[in-house]
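Naming convention: chains lettered A, B, ... in sequence-line order (proteins, then strands); numbering from 1 in each chain.
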Protein chains: 2
Amino acid sequence: MTVRGDAELVARAGHLFTGARHEFVCAARDLDTWSLPDARQSVARRLPRHGASGLAVKKLFTPVALADEAARAHLREVVTNGVEVRISSTPLPHETIVIDRRVMILAERDGPGSREYTVTTSPTLVNGVYSLFAAAWDAATELTAYLRGDAPHLDDDSRAVLRALGAGYTDETAARHLGLSLRTYRRRVAELMDALEADSRFQAGLRAGELGLTG
Amino acid sequence: MTVRGDAELVARAGHLFTGARHEFVCAARDLDTWSLPDARQSVARRLPRHGASGLAVKKLFTPVALADEAARAHLREVVTNGVEVRISSTPLPHETIVIDRRVMILAERDGPGSREYTVTTSPTLVNGVYSLFAAAWDAATELTAYLRGDAPHLDDDSRAVLRALGAGYTDETAARHLGLSLRTYRRRVAELMDALEADSRFQAGLRAGELGLTG
DNA sequence: AACGTGATGGCAGCAAGCTGCCACGTGCGG
DNA sequence: CCGCACGTGGCAGCTTGCTGCCATCACGTT
(Lines give C-alpha, C1' and ligand atoms only; values in the text may rest on other atoms or scores of the structure.)
Protein backbone atom coordinates (compact mmCIF):
# COMPACT_ATOMS: atom_id res chain seq x y z
CA MET A 1 0.00 0.00 0.00
CA THR A 2 1.36 3.36 -0.96
CA VAL A 3 0.23 6.74 0.24
CA ARG A 4 1.42 10.23 -0.60
CA GLY A 5 1.86 12.94 1.96
CA ASP A 6 1.56 13.14 5.70
CA ALA A 7 -2.14 13.87 5.75
CA GLU A 8 -3.00 10.80 3.79
CA LEU A 9 -0.70 8.69 5.89
CA VAL A 10 -2.43 9.79 9.04
CA ALA A 11 -5.79 9.19 7.50
CA ARG A 12 -5.04 5.79 6.10
CA ALA A 13 -2.55 4.39 8.57
CA GLY A 14 -3.11 6.37 11.71
CA HIS A 15 -4.83 3.45 13.33
CA LEU A 16 -1.64 1.45 13.01
CA PHE A 17 0.14 3.87 15.32
CA THR A 18 -2.65 3.77 17.78
CA GLY A 19 -2.71 0.02 17.55
CA ALA A 20 0.88 -0.44 18.66
CA ARG A 21 0.85 -2.86 21.55
CA HIS A 22 4.33 -4.12 22.30
CA GLU A 23 6.93 -2.38 20.30
CA PHE A 24 7.40 0.66 18.16
CA VAL A 25 10.75 1.04 16.44
CA CYS A 26 11.90 3.56 13.92
CA ALA A 27 15.08 4.43 12.10
CA ALA A 28 15.55 7.76 10.44
CA ARG A 29 18.24 10.06 9.23
CA ASP A 30 17.04 13.09 11.13
CA LEU A 31 14.10 14.61 12.92
CA ASP A 32 12.51 16.26 9.93
CA THR A 33 10.20 13.34 9.76
CA TRP A 34 6.93 15.03 10.19
CA SER A 35 7.16 18.10 8.14
CA LEU A 36 3.63 19.06 9.10
CA PRO A 37 3.49 19.88 12.78
CA ASP A 38 -0.16 18.97 13.06
CA ALA A 39 0.41 15.58 11.47
CA ARG A 40 3.16 14.96 13.96
CA GLN A 41 1.01 15.98 16.86
CA SER A 42 -1.86 13.98 15.57
CA VAL A 43 0.22 10.87 15.67
CA ALA A 44 1.90 11.75 18.93
CA ARG A 45 -1.46 12.14 20.54
CA ARG A 46 -2.46 8.72 19.39
CA LEU A 47 0.62 7.00 20.71
CA PRO A 48 0.11 5.48 24.14
CA ARG A 49 2.00 7.12 26.94
CA HIS A 50 5.47 5.69 27.37
CA GLY A 51 5.93 3.78 30.59
CA ALA A 52 2.29 3.14 31.29
CA SER A 53 1.75 0.42 28.74
CA GLY A 54 4.23 -2.32 28.01
CA LEU A 55 5.16 -0.52 24.83
CA ALA A 56 8.86 -0.40 24.04
CA VAL A 57 9.85 2.48 21.82
CA LYS A 58 13.17 2.51 20.04
CA LYS A 59 14.42 5.27 17.84
CA LEU A 60 17.57 5.14 15.81
CA PHE A 61 19.06 8.22 14.21
CA THR A 62 22.19 9.37 12.49
CA PRO A 63 24.31 12.13 14.02
CA VAL A 64 22.53 14.50 11.63
CA ALA A 65 19.64 14.43 14.07
CA LEU A 66 21.89 16.10 16.62
CA ALA A 67 22.80 18.99 14.41
CA ASP A 68 21.11 21.79 16.30
CA GLU A 69 20.58 22.28 20.00
CA ALA A 70 16.80 22.20 19.69
CA ALA A 71 16.99 18.71 18.26
CA ARG A 72 19.30 17.54 21.02
CA ALA A 73 17.00 18.97 23.65
CA HIS A 74 14.02 17.28 22.09
CA LEU A 75 15.78 13.94 22.01
CA ARG A 76 16.84 14.26 25.62
CA GLU A 77 13.29 14.93 26.57
CA VAL A 78 12.11 11.94 24.59
CA VAL A 79 14.61 9.80 26.47
CA THR A 80 13.28 10.90 29.82
CA ASN A 81 9.89 9.72 28.60
CA GLY A 82 11.17 6.18 28.49
CA VAL A 83 12.04 6.02 24.84
CA GLU A 84 15.31 4.40 23.87
CA VAL A 85 17.30 6.52 21.48
CA ARG A 86 20.47 5.47 19.77
CA ILE A 87 22.77 7.06 17.27
CA SER A 88 24.23 5.17 14.36
CA SER A 89 27.35 6.51 12.74
CA THR A 90 26.28 5.10 9.40
CA PRO A 91 23.67 6.35 6.96
CA LEU A 92 20.09 5.32 7.57
CA PRO A 93 16.93 5.22 5.52
CA HIS A 94 14.97 8.40 5.48
CA GLU A 95 12.32 6.76 7.52
CA THR A 96 11.58 3.23 8.59
CA ILE A 97 8.99 2.26 11.15
CA VAL A 98 8.14 -1.19 12.38
CA ILE A 99 5.20 -1.68 14.69
CA ASP A 100 4.83 -4.78 16.80
CA ARG A 101 6.93 -6.59 14.27
CA ARG A 102 3.86 -6.88 12.11
CA VAL A 103 3.54 -3.69 10.15
CA MET A 104 6.15 -1.46 8.67
CA ILE A 105 6.13 1.92 7.09
CA LEU A 106 8.91 3.15 4.86
CA ALA A 107 9.28 6.67 3.57
CA GLU A 108 10.84 7.50 0.29
CA ARG A 109 13.51 10.11 0.02
CA ASP A 110 11.35 13.17 0.13
CA GLY A 111 10.39 15.11 -2.87
CA PRO A 112 9.92 18.85 -2.38
CA GLY A 113 6.34 18.77 -1.26
CA SER A 114 4.65 15.57 -0.35
CA ARG A 115 6.42 12.41 0.69
CA GLU A 116 5.69 8.91 -0.35
CA TYR A 117 5.03 6.27 2.24
CA THR A 118 4.81 2.53 1.78
CA VAL A 119 2.90 0.47 4.29
CA THR A 120 3.53 -3.25 4.36
CA THR A 121 2.37 -6.18 6.43
CA SER A 122 4.04 -9.05 4.61
CA PRO A 123 5.73 -11.10 7.34
CA THR A 124 8.67 -11.89 5.12
CA LEU A 125 9.39 -8.26 4.43
CA VAL A 126 8.71 -7.10 7.94
CA ASN A 127 10.88 -9.77 9.51
CA GLY A 128 13.71 -9.08 7.15
CA VAL A 129 13.63 -5.38 7.80
CA TYR A 130 13.23 -5.93 11.50
CA SER A 131 16.32 -8.10 11.69
CA LEU A 132 18.36 -5.59 9.78
CA PHE A 133 17.09 -2.89 12.05
CA ALA A 134 18.07 -4.95 15.05
CA ALA A 135 21.56 -5.38 13.68
CA ALA A 136 21.93 -1.67 13.10
CA TRP A 137 20.43 -0.97 16.50
CA ASP A 138 22.80 -3.25 18.32
CA ALA A 139 25.74 -1.63 16.66
CA ALA A 140 24.61 1.88 17.48
CA THR A 141 25.43 3.74 20.65
CA GLU A 142 23.07 4.98 23.29
CA LEU A 143 22.19 8.64 22.90
CA THR A 144 23.43 9.59 26.35
CA ALA A 145 26.67 7.72 25.81
CA TYR A 146 27.01 9.36 22.45
CA LEU A 147 26.45 12.86 23.77
CA ARG A 148 28.69 12.32 26.73
CA GLY A 149 31.37 10.21 25.21
CA ASP A 150 32.88 12.42 22.65
CA ALA A 151 36.25 13.77 23.50
CA PRO A 152 35.77 15.93 20.47
CA HIS A 153 39.33 16.86 19.76
CA LEU A 154 41.95 15.64 22.14
CA ASP A 155 45.42 17.03 21.73
CA ASP A 156 48.28 15.17 20.13
CA ASP A 157 49.62 14.37 23.54
CA SER A 158 46.53 12.43 24.47
CA ARG A 159 46.56 10.68 21.16
CA ALA A 160 50.10 9.57 21.82
CA VAL A 161 49.07 8.25 25.19
CA LEU A 162 46.19 6.47 23.54
CA ARG A 163 48.49 4.88 21.05
CA ALA A 164 50.84 3.76 23.79
CA LEU A 165 47.96 2.22 25.69
CA GLY A 166 46.69 0.58 22.56
CA ALA A 167 50.12 -0.84 21.87
CA GLY A 168 49.99 -2.65 25.17
CA TYR A 169 53.04 -1.01 26.67
CA THR A 170 53.41 -0.95 30.39
CA ASP A 171 53.22 2.48 31.94
CA GLU A 172 56.94 2.59 32.52
CA THR A 173 58.00 1.78 28.98
CA ALA A 174 55.25 4.00 27.60
CA ALA A 175 56.43 6.90 29.72
CA ARG A 176 60.02 6.39 28.65
CA HIS A 177 58.93 6.06 25.07
CA LEU A 178 57.08 9.36 25.26
CA GLY A 179 59.76 11.16 27.21
CA LEU A 180 57.49 11.65 30.17
CA SER A 181 57.90 10.80 33.77
CA LEU A 182 55.91 7.91 35.08
CA ARG A 183 53.90 10.27 37.19
CA THR A 184 52.95 12.50 34.33
CA TYR A 185 52.13 9.66 32.04
CA ARG A 186 49.76 8.27 34.59
CA ARG A 187 48.29 11.68 35.06
CA ARG A 188 47.62 11.75 31.35
CA VAL A 189 46.03 8.37 31.45
CA ALA A 190 43.85 9.48 34.33
CA GLU A 191 42.82 12.58 32.43
CA LEU A 192 42.02 10.48 29.41
CA MET A 193 39.92 8.09 31.43
CA ASP A 194 38.20 11.05 32.93
CA ALA A 195 37.46 12.43 29.49
CA LEU A 196 36.11 9.07 28.42
CA GLU A 197 34.21 8.68 31.67
CA ALA A 198 35.75 5.27 32.08
CA ASP A 199 36.08 3.63 35.45
CA SER A 200 38.71 1.18 34.38
CA ARG A 201 41.33 0.95 31.70
CA PHE A 202 39.32 -1.79 30.09
CA GLN A 203 36.36 0.51 29.79
CA ALA A 204 38.61 3.22 28.45
CA GLY A 205 39.77 0.87 25.74
CA LEU A 206 36.21 -0.02 24.94
CA ARG A 207 35.19 3.60 24.69
CA ALA A 208 38.21 4.53 22.67
CA GLY A 209 37.29 1.79 20.25
CA GLU A 210 33.67 2.85 20.11
CA LEU A 211 34.63 6.41 19.38
CA GLY A 212 36.97 5.36 16.66
CA LEU A 213 40.04 6.82 18.29
CA THR A 214 42.15 3.91 17.20
CA GLY A 215 42.78 4.54 13.53
CA MET B 1 5.77 -11.08 -5.87
CA THR B 2 6.00 -14.19 -3.80
CA VAL B 3 7.43 -17.55 -4.78
CA ARG B 4 7.74 -20.80 -2.88
CA GLY B 5 10.78 -23.00 -2.99
CA ASP B 6 14.20 -22.71 -4.55
CA ALA B 7 13.20 -24.13 -7.88
CA GLU B 8 10.48 -21.61 -8.42
CA LEU B 9 12.75 -18.81 -7.34
CA VAL B 10 15.35 -19.79 -9.89
CA ALA B 11 12.71 -20.08 -12.57
CA ARG B 12 10.97 -16.83 -11.87
CA ALA B 13 13.79 -14.64 -10.60
CA GLY B 14 16.91 -16.24 -11.95
CA HIS B 15 17.28 -13.52 -14.51
CA LEU B 16 17.61 -11.01 -11.72
CA PHE B 17 20.79 -12.67 -10.54
CA THR B 18 22.16 -12.79 -14.03
CA GLY B 19 21.17 -9.21 -14.51
CA ALA B 20 23.25 -7.88 -11.66
CA ARG B 21 25.44 -5.14 -13.03
CA HIS B 22 27.00 -3.13 -10.26
CA GLU B 23 26.32 -4.58 -6.90
CA PHE B 24 25.09 -7.74 -5.27
CA VAL B 25 24.67 -7.67 -1.52
CA CYS B 26 23.19 -10.22 0.79
CA ALA B 27 22.71 -10.69 4.49
CA ALA B 28 21.97 -14.05 6.00
CA ARG B 29 22.17 -15.90 9.22
CA ASP B 30 24.15 -18.84 7.91
CA LEU B 31 25.15 -20.67 4.76
CA ASP B 32 22.18 -22.99 4.59
CA THR B 33 20.72 -20.65 2.08
CA TRP B 34 20.44 -22.89 -0.86
CA SER B 35 19.18 -26.10 0.47
CA LEU B 36 19.16 -27.59 -2.99
CA PRO B 37 22.70 -27.91 -4.30
CA ASP B 38 21.61 -27.73 -7.90
CA ALA B 39 19.64 -24.56 -7.30
CA ARG B 40 22.71 -23.06 -5.73
CA GLN B 41 24.92 -24.07 -8.59
CA SER B 42 22.40 -22.88 -11.07
CA VAL B 43 22.54 -19.45 -9.60
CA ALA B 44 26.28 -19.53 -9.09
CA ARG B 45 26.75 -20.33 -12.73
CA ARG B 46 24.69 -17.37 -13.70
CA LEU B 47 26.57 -14.90 -11.57
CA PRO B 48 29.28 -13.05 -13.45
CA ARG B 49 32.79 -13.87 -12.44
CA HIS B 50 34.05 -11.72 -9.60
CA GLY B 51 36.78 -9.31 -10.58
CA ALA B 52 36.13 -9.33 -14.28
CA SER B 53 33.05 -7.16 -14.26
CA GLY B 54 32.61 -4.12 -12.09
CA LEU B 55 30.33 -6.12 -9.87
CA ALA B 56 30.80 -5.62 -6.16
CA VAL B 57 29.62 -8.53 -4.05
CA LYS B 58 29.06 -8.12 -0.34
CA LYS B 59 27.98 -10.86 1.99
CA LEU B 60 27.09 -10.37 5.59
CA PHE B 61 26.70 -13.28 7.99
CA THR B 62 26.35 -14.00 11.65
CA PRO B 63 28.98 -16.06 13.47
CA VAL B 64 26.65 -19.03 13.00
CA ALA B 65 27.96 -19.23 9.46
CA LEU B 66 31.37 -20.07 10.87
CA ALA B 67 30.16 -22.98 12.93
CA ASP B 68 31.91 -25.79 11.09
CA GLU B 69 35.24 -25.89 9.37
CA ALA B 70 33.74 -26.61 5.96
CA ALA B 71 31.79 -23.38 6.13
CA ARG B 72 34.86 -21.40 7.13
CA ALA B 73 36.85 -22.91 4.28
CA HIS B 74 34.11 -22.06 1.83
CA LEU B 75 33.97 -18.47 3.01
CA ARG B 76 37.70 -18.07 2.77
CA GLU B 77 37.55 -19.31 -0.78
CA VAL B 78 34.76 -16.92 -1.58
CA VAL B 79 36.89 -14.10 -0.25
CA THR B 80 39.77 -14.98 -2.51
CA ASN B 81 37.31 -14.66 -5.38
CA GLY B 82 36.97 -10.99 -4.67
CA VAL B 83 33.83 -11.13 -2.60
CA GLU B 84 33.67 -9.03 0.52
CA VAL B 85 32.52 -11.02 3.53
CA ARG B 86 31.76 -9.58 6.92
CA ILE B 87 30.52 -11.00 10.15
CA SER B 88 27.93 -9.28 12.27
CA SER B 89 27.67 -10.19 15.90
CA THR B 90 23.96 -9.49 15.90
CA PRO B 91 21.10 -11.56 14.53
CA LEU B 92 20.32 -11.17 10.87
CA PRO B 93 17.38 -11.99 8.63
CA HIS B 94 17.34 -15.48 7.28
CA GLU B 95 18.06 -14.13 3.88
CA THR B 96 18.10 -10.71 2.33
CA ILE B 97 19.45 -9.93 -1.10
CA VAL B 98 19.62 -6.58 -2.82
CA ILE B 99 20.73 -6.37 -6.41
CA ASP B 100 21.94 -3.14 -7.94
CA ARG B 101 19.92 -1.32 -5.35
CA ARG B 102 16.88 -1.93 -7.50
CA VAL B 103 15.59 -5.38 -6.63
CA MET B 104 15.51 -7.21 -3.41
CA ILE B 105 14.70 -10.73 -2.39
CA LEU B 106 13.78 -11.67 1.14
CA ALA B 107 13.42 -15.20 2.44
CA GLU B 108 11.02 -16.14 5.14
CA ARG B 109 12.17 -18.17 8.08
CA ASP B 110 12.21 -21.56 6.45
CA GLY B 111 9.48 -24.05 6.91
CA PRO B 112 10.50 -27.69 6.84
CA GLY B 113 10.38 -28.20 3.12
CA SER B 114 10.05 -25.29 0.78
CA ARG B 115 10.95 -21.75 1.61
CA GLU B 116 9.05 -18.63 0.78
CA TYR B 117 10.72 -15.81 -1.10
CA THR B 118 9.48 -12.32 -1.67
CA VAL B 119 10.79 -10.35 -4.59
CA THR B 120 10.32 -6.59 -4.56
CA THR B 121 11.28 -3.72 -6.78
CA SER B 122 9.56 -0.83 -5.00
CA PRO B 123 12.23 1.87 -4.70
CA THR B 124 10.93 2.90 -1.31
CA LEU B 125 11.27 -0.58 0.12
CA VAL B 126 14.52 -1.36 -1.59
CA ASN B 127 16.15 1.89 -0.51
CA GLY B 128 15.00 1.45 3.06
CA VAL B 129 16.33 -2.06 3.28
CA TYR B 130 19.50 -1.09 1.53
CA SER B 131 20.24 1.67 4.01
CA LEU B 132 19.64 -0.64 6.92
CA PHE B 133 21.86 -3.19 5.33
CA ALA B 134 24.55 -0.58 4.89
CA ALA B 135 24.32 0.34 8.55
CA ALA B 136 24.67 -3.27 9.62
CA TRP B 137 27.46 -3.78 7.13
CA ASP B 138 29.46 -0.83 8.36
CA ALA B 139 29.21 -2.06 11.88
CA ALA B 140 30.31 -5.58 11.05
CA THR B 141 33.88 -6.79 10.94
CA GLU B 142 35.80 -8.12 8.02
CA LEU B 143 35.87 -11.90 7.85
CA THR B 144 39.64 -12.12 7.87
CA ALA B 145 39.88 -9.79 10.83
CA TYR B 146 37.20 -11.76 12.55
CA LEU B 147 38.90 -15.09 11.98
CA ARG B 148 42.28 -13.78 12.93
CA GLY B 149 41.51 -11.81 16.00
CA ASP B 150 38.78 -13.80 17.46
CA ALA B 151 37.88 -15.74 20.44
CA PRO B 152 35.68 -17.68 18.05
CA HIS B 153 32.96 -18.70 20.36
CA LEU B 154 33.50 -17.73 23.93
CA ASP B 155 31.21 -19.30 26.45
CA ASP B 156 28.57 -17.47 28.40
CA ASP B 157 30.97 -17.28 31.28
CA SER B 158 33.44 -15.25 29.30
CA ARG B 159 30.71 -13.04 28.04
CA ALA B 160 29.66 -12.37 31.59
CA VAL B 161 33.22 -11.49 32.48
CA LEU B 162 33.34 -9.23 29.48
CA ARG B 163 30.21 -7.48 30.55
CA ALA B 164 31.57 -7.02 34.05
CA LEU B 165 34.75 -5.53 32.67
CA GLY B 166 32.79 -3.33 30.36
CA ALA B 167 30.66 -2.14 33.22
CA GLY B 168 33.75 -0.83 34.93
CA TYR B 169 33.44 -2.94 38.04
CA THR B 170 36.51 -3.64 40.08
CA ASP B 171 37.58 -7.26 40.14
CA GLU B 172 36.28 -7.73 43.60
CA THR B 173 32.76 -6.48 42.97
CA ALA B 174 32.68 -8.22 39.61
CA ALA B 175 33.65 -11.51 41.19
CA ARG B 176 31.05 -11.13 43.87
CA HIS B 177 28.51 -10.16 41.27
CA LEU B 178 29.26 -13.29 39.28
CA GLY B 179 29.48 -15.61 42.23
CA LEU B 180 33.11 -16.35 41.60
CA SER B 181 36.12 -16.10 43.79
CA LEU B 182 38.49 -13.29 43.12
CA ARG B 183 41.09 -15.76 42.02
CA THR B 184 38.85 -17.44 39.48
CA TYR B 185 37.53 -14.20 38.14
CA ARG B 186 41.04 -13.03 37.51
CA ARG B 187 41.86 -16.33 35.93
CA ARG B 188 38.95 -15.74 33.58
CA VAL B 189 40.12 -12.29 32.76
CA ALA B 190 43.59 -13.62 32.07
CA GLU B 191 42.17 -16.29 29.78
CA LEU B 192 40.11 -13.69 28.01
CA MET B 193 43.10 -11.45 27.51
CA ASP B 194 44.98 -14.43 26.24
CA ALA B 195 42.22 -15.22 23.79
CA LEU B 196 42.20 -11.62 22.62
CA GLU B 197 45.96 -11.54 22.45
CA ALA B 198 45.93 -8.43 24.56
CA ASP B 199 48.85 -7.38 26.69
CA SER B 200 46.87 -5.02 28.87
CA ARG B 201 43.30 -4.61 29.92
CA PHE B 202 43.13 -1.49 27.84
CA GLN B 203 44.08 -3.44 24.78
CA ALA B 204 41.58 -6.11 25.70
CA GLY B 205 38.87 -3.49 25.83
CA LEU B 206 39.94 -2.18 22.47
CA ARG B 207 39.88 -5.60 20.90
CA ALA B 208 36.59 -6.48 22.48
CA GLY B 209 35.16 -3.36 20.97
CA GLU B 210 36.65 -4.08 17.57
CA LEU B 211 35.22 -7.55 17.57
CA GLY B 212 31.83 -6.30 18.57
CA LEU B 213 31.69 -8.27 21.79
CA THR B 214 30.04 -5.45 23.60
CA GLY B 215 26.33 -5.95 22.92
C1' DA C 1 38.32 -48.23 45.41
C1' DA C 2 42.03 -46.04 43.35
C1' DC C 3 43.39 -42.89 39.91
C1' DG C 4 43.90 -39.02 36.78
C1' DT C 5 41.97 -34.81 35.19
C1' DG C 6 40.21 -30.45 35.40
C1' DA C 7 37.95 -26.60 37.64
C1' DT C 8 38.05 -24.05 41.80
C1' DG C 9 39.65 -21.00 45.57
C1' DG C 10 42.81 -19.58 49.31
C1' DC C 11 47.31 -17.57 50.13
C1' DA C 12 51.29 -15.11 49.36
C1' DG C 13 54.14 -12.19 47.01
C1' DC C 14 55.15 -9.31 43.35
C1' DA C 15 54.03 -6.04 39.68
C1' DA C 16 51.29 -2.48 38.14
C1' DG C 17 48.31 1.21 38.67
C1' DC C 18 46.49 5.25 41.24
C1' DT C 19 46.74 9.62 43.90
C1' DG C 20 47.79 13.02 47.50
C1' DC C 21 51.47 15.82 48.79
C1' DC C 22 55.14 18.76 48.04
C1' DA C 23 58.91 20.87 45.48
C1' DC C 24 60.72 22.84 41.41
C1' DG C 25 60.77 25.47 37.08
C1' DT C 26 58.51 28.52 33.65
C1' DG C 27 55.81 32.23 32.25
C1' DC C 28 52.73 36.12 33.12
C1' DG C 29 50.79 40.22 35.11
C1' DG C 30 51.03 43.32 38.81
C1' DC D 1 60.97 42.26 42.01
C1' DC D 2 57.14 39.61 43.85
C1' DG D 3 53.32 36.76 43.61
C1' DC D 4 50.52 33.68 41.11
C1' DA D 5 49.01 30.01 38.16
C1' DC D 6 50.25 26.00 35.84
C1' DG D 7 52.55 22.04 34.25
C1' DT D 8 55.91 18.79 35.75
C1' DG D 9 58.13 15.14 38.49
C1' DG D 10 59.72 12.78 42.74
C1' DC D 11 58.10 10.33 46.75
C1' DA D 12 55.21 7.62 49.48
C1' DG D 13 51.51 4.86 50.49
C1' DC D 14 47.62 2.67 49.12
C1' DT D 15 44.66 -0.14 45.95
C1' DT D 16 44.25 -3.09 42.32
C1' DG D 17 45.71 -6.46 39.27
C1' DC D 18 48.53 -10.66 38.27
C1' DT D 19 50.30 -15.36 39.02
C1' DG D 20 52.64 -19.42 41.04
C1' DC D 21 51.80 -22.81 44.39
C1' DC D 22 49.00 -25.93 46.69
C1' DA D 23 44.81 -27.99 48.79
C1' DT D 24 40.24 -29.27 47.69
C1' DC D 25 36.34 -31.09 45.25
C1' DA D 26 33.67 -33.10 41.45
C1' DC D 27 33.86 -35.99 37.50
C1' DG D 28 34.71 -39.89 34.74
C1' DT D 29 37.95 -43.92 33.82
C1' DT D 30 40.22 -48.12 34.90
Side-chain angles (χ1 to χ4, degrees), chain A residues 145 148-214, chain B residues 63 67-69 148-215:
Chain A
R148 145 169 61 76
D150 54 347
H153 28 282
L154 17 74
D155 45 14
D156 294 343
D157 241 8
S158 300
R159 288 183 179 276
V161 172
L162 217 48
R163 254 181 286 115
L165 282 170
Y169 295 150
T170 155
D171 285 13
E172 195 178 337
T173 61
R176 213 161 351 100
H177 194 269
L178 294 179
L180 291 175
S181 83
L182 192 60
R183 182 70 185 86
T184 314
Y185 176 75
R186 287 187 172 148
R187 224 181 240 129
R188 292 291 161 75
V189 174
E191 290 164 6
L192 205 61
M193 287 175 55
D194 203 47
L196 296 173
E197 295 192 25
D199 292 332
S200 65
R201 289 196 176 198
F202 183 92
Q203 247 189 342
L206 215 54
R207 292 273 160 75
E210 280 176 9
L211 301 174
L213 305 173
T214 46
Chain B
D68 55 82
E69 181 52 43
R148 152 169 55 76
D150 63 345
H153 28 281
L154 17 75
D155 44 13
D156 295 342
D157 242 8
S158 300
R159 289 182 177 276
V161 172
L162 218 48
R163 253 180 288 115
L165 282 169
Y169 296 149
T170 92
D171 286 12
E172 195 177 337
T173 61
R176 213 158 355 98
H177 197 268
L178 294 179
L180 292 175
S181 82
L182 192 60
R183 183 70 186 84
T184 315
Y185 176 76
R186 286 186 173 151
R187 223 181 242 128
R188 292 290 158 73
V189 175
E191 289 164 8
L192 206 62
M193 287 175 54
D194 204 48
L196 296 173
E197 298 190 29
D199 293 331
S200 66
R201 289 197 176 196
F202 183 92
Q203 248 190 338
L206 216 53
R207 292 272 159 76
E210 280 177 8
L211 299 174
L213 305 173
T214 46

*Asks:* Base, sugar-phosphate alone, or nothing: which one does Arg201(A) contact when heavy atoms must sit under 4.0 Å apart?
*Replies:* sugar-phosphate

*Asks:* Side-chain contact test, heavy atoms from C-beta onward, threshold under 4.5 Å: evaluate it for Thr173(A) versus Tyr185(A) and give yes or no.
*Replies:* no

*Asks:* Measure CG/Asp171(A) against P/dT16(D) and give the value in whole Å, please.
*Replies:* 17 Å

*Asks:* Would you kindly compare Arg187(A) and Glu172(A) by the position of their nearest DNA chain C nucleotide and give the one closer to the 5′ end?
*Replies:* Glu172(A)

*Asks:* Begin from the C-alpha positions of Val189(A) and Arg201(A) and carry the test side chain to side chain contact (heavy atoms under 4.5 Å, CB included) through to its verdict.
*Replies:* CA-CA 9 Å; Val189(A) 174; Arg201(A) 289 196 176 198; 3.8 Å; yes

*Asks:* Leu165(B) has an atom CG; how far is it from atom P of dT16(D), in whole Å?
*Replies:* 15 Å

*Asks:* Taking only side-chain N and O atoms of Ser181(A), does any of them lie within less than 4.0 angstrom of OP1 or OP2 on dT8(D)?
*Replies:* no

*Asks:* Side-chain N or O of Ser200(B) versus OP1/OP2 of dG17(D): is the shortest distance under 4.0 Å?
*Replies:* no

*Asks:* Do any N or O atoms from the side chain of Arg207(A) and from the backbone of Glu197(A) form a donor-acceptor pair under 3.5 angstrom?
*Replies:* yes

*Asks:* Which one, dG17(D), dG9(C), dG9(D), comes nearest to the side chain of Leu180(A)?
*Replies:* dG9(D)

*Asks:* Is Thr184(A) close enough to dT8(D) that one of its side-chain N or O atoms is under 4.0 Å from OP1 or OP2 there?
*Replies:* no

*Asks:* Would you kindly give the CZ-to-P distance between Arg183(A) and dC11(D), to the nearest whole Å?
*Replies:* 13 Å

*Asks:* Would you compute the distance between atom CZ of Arg186(B) and atom CG of Leu180(B) and round it to the nearest 0.5 angstrom?
*Replies:* 12.5 Å

*Asks:* Take atom OH of Tyr185(A) and atom P of dG10(D), then tell me their distance rounded to the nearest Å.
*Replies:* 16 Å

*Asks:* For Met193(A) and Arg186(B), take the nucleotide of DNA chain C holding the closest heavy atom to each; which residue's nucleotide lies nearer the 5' end?
*Replies:* Arg186(B)

*Asks:* Can you check the Leu192(B) CG to dT19(D) P distance for me, whole Å?
*Replies:* 13 Å

*Asks:* Would you say the side-chain atoms of Thr184(B) and Ser181(B) include a donor-acceptor pair closer than 3.5 Å?
*Replies:* yes

*Asks:* Check the distance between dC18(D)'s P and Asp199(B)'s CG and give it to me in whole angstrom.
*Replies:* 12 Å

*Asks:* Any side-chain N or O of Arg188(A) below 4.0 angstrom from OP1/OP2 of dT8(D)?
*Replies:* yes

*Asks:* Rounded to whole Å, please give me the gap between CD in Glu191(B) and C1' in dT8(C).
*Replies:* 11 Å

*Asks:* When the distance from CG of Leu182(A) to P of dG17(C) is rounded to whole Å, what number comes out?
*Replies:* 8 Å

